Amino acid sequence: MIYLDHAATTKTDEKVLSAMMPYLTDVFGNASAQYEAGRRAAGAVSAARDEIASLLGVGSEEIYFTSGGTEADNWALRGIYSATRGHIVLSAIEHPALLSCAEDLVKEGADVTLVSPDADGRVSADAVRKAMRDDTAFVGVMAANNETGVVQPVSEIAAMCGERGVFFFSDCVQAVGVLPVNRGTADGFSFSAHKIYGPKGVGVLRIKKGVRINRFVAGGRQERNQRGGTTNVAGIVGCAKALEIAEKNREKNNAEIAALRDAFVEGLLAKIPGTHLNGDRKGRLPSNANIRFDGVSGEQILMLLDARGVAVSTGSACAAGAVEPSHVLMAMGLSETEAKSSVRFSFGRENTREDVEKVLSYLTEIVSSLRAGR
Ligand code: PLP
């Protein structure tokens with residue numbers, strides 16, 4: 001398989017798996033238990049928390065472990081809203097982890113304003129400022145978009161929210177391990193281990209010390225009494241290891257992955273007429289190429305690539321049996337047809353130049369036969 005869907009998930013790194021194994025086998029104790037096996041598990045969780053905090057330049061007491069990015073996003077929004085009942089500002093290109101949660105909150109009486117991006121997929125600090133009100137309690141703008149890879153001006157938005165004393169949250173699921181994410185990024189941020197060659201089902205929510213946020217899962221006293229549930233020790237250990245590896249090799253990986261992505265985009269735009277890169281060309285994640293193919297359905301390209309062993313994705317979601325166009329591309333001003341003609345290719349550590357060449361040749365063949373109605 002040629003895997004070009006790293007924005008969806010990644011293969012667990014062997015080193016991450018080795019770090020996790022003892023906590024799935026010999027040291028299987030419940031981290032809340034008082035005896036030695038429990039204390040050892042709790043010690044591993046504490047070390048992982050310290051390591052993640054130190055790699056991200058935040059306090060260990062600011063780190064909460066969750067079941068992934070979705071839960072961390074839900075917790076941040078719901079937790080702040082239920083503590084403040086204030087107005088919510090979100091970018092229109094957030095992941096459903098925030099947008100769907102906001103829809104639920106609207107049904108519960110919340111007031112939510114969505115901020116559109118520009119045609120390049122960027123949400124300006126100015127547009128966010130205009131959406132803010134005196135009673136705004138939560139501003140959420142992701143660090144980088146999962147569909148277009150477009151990097152958002154979060155430092156500027158964070159500074160503006162800081163001046164007004166408004167809580168700023170940034171979904172960093174696509175950014176951690178790629179962009180420098182740290183205490184300056186936001187008062188609250190989330191990330192997920194499976195996007196950085198770690199295990200699925202574990203994520204992190206950082207909440208700045210002193211911010212009042214309500215607990216998310218009622219139950220035991222885990223996560224300082226804020227999130228009940230038996231601690232996912234192996235997952236947490238794997239999450240820390242994945243972050244350590246990603247941070248250590250960040251610059252090198254970014255350069256190598258960007259070179260492959262650039263070769264792909266240049267080759268594609270040159271070889272296949274009527275193709276366009278969606279989103280800003282420069283200010284995007286090194287891994288992402290979101291391409292629009294005039295007159296061709298993205299779903300069909302996906303299926304024909306799949307038949308050749310290539311994994312890619314479209315931003316469309318299947319809702320009630322019908323394909324819904326990407327809300328991100330639509331918010332950028334693309335028509336429904338244009339949005340449905342788009343495919344996301346996201347590169348990763350294990351891709352090669354040969355992969356790029358193969359996929360370029362498959363695409364040339366697929367697009368010309370689809371355009372010819374074959
Ligand atoms: N936020 C963004 C930007 C994402 O890309 C994803 C995953 O696709 C999530 C949140 C959800 O993360 P998880 O899969 O860990 O729940």
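Note that this is a predicted model, so its numbers are computed, not measured. Order of appearance sets the numbers: ligands from 1, and atoms from 1 within every ligand.
The atoms of ligand 1 that sit less than 4.0 Å from any heavy atom of Lys195 are 5 (O), 6 (C), 7 (C), 8 (O). Close approach to Thr70 involves these atoms of ligand 1, each under 4.0 Å from a residue heavy atom: 11 (C), 12 (O), 13 (P), 16 (O). Heavy-atom contacts of Met142 reach the following atoms of ligand 1: 3 (C) (cutoff under 4.0 Å). Close approach of ligand 1 to Asp73 is summarised as follows: ligand atoms under 4.0 Å from at least one heavy atom of the residue are 1 (N), 10 (C). Heavy-atom contacts of Gly68 reach the following atoms of ligand 1: 15 (O) (cutoff under 4.0 Å).
Looking at Ser341, its side chain does come within 3.5 Å of a backbone N or O of Val296 through a donor-acceptor pair.
Because its NZ or CZ atom is both nearer than 6.0 Å to the ring centre of Tyr64 and within 45° of the ring axis, Arg224 counts as a cation-pi partner of that residue.
The residues Asp5 and Arg344 are annotated as salt-bridged, a charged nitrogen and a carboxylate oxygen being separated by less than 4.0 angstrom. Ion pairing of Arg308 with Glu365 is present here, as a side-chain N (NZ or NE/NH1/NH2) and a carboxylate O approach within less than 4.0 Å. Salt bridge present: Glu62 and Arg206 bring a charged side-chain N and a carboxylate O closer than 4.0 Å. Contact check on Glu244 versus Lys15 returns no salt bridge, with no Lys/Arg side-chain nitrogen under 4.0 Å from an Asp/Glu carboxylate oxygen. The residues Lys358 and Asp355 are annotated as not salt-bridged, no charged nitrogen and carboxylate oxygen being separated by less than 4.0 angstrom. Electrostatic pairing of Arg78 and Glu108 counts as a salt bridge here, judged by a charged N lying under 4.0 Å from a carboxylate O.
Protein heavy atom closest to atom 15 (O) of ligand 1, with residue, atom name and distance, is Ser192 OG, 2.6 Å. Scanning all protein heavy atoms for the shortest distance to atom 4 (C) of ligand 1 gives His95 CD2, 3.3 Å. Annotation: atom 5 (O) of ligand 1 to nearest protein heavy atom, Gln174 NE2, 2.8 Å.
In terms of polar-atom proximity, Gly69 is counted as a contact of ligand 1, with an N or O under 3.5 Å from an N or O of the ligand.
Comparing Val204, Asn145, Asp171, Val202 against atom 10 (C) of ligand 1, the shortest heavy-atom distance belongs to Asp171.
Residue His194 touches ligand 1 through its side chain alone, judged by heavy-atom distances below 4.0 Å.
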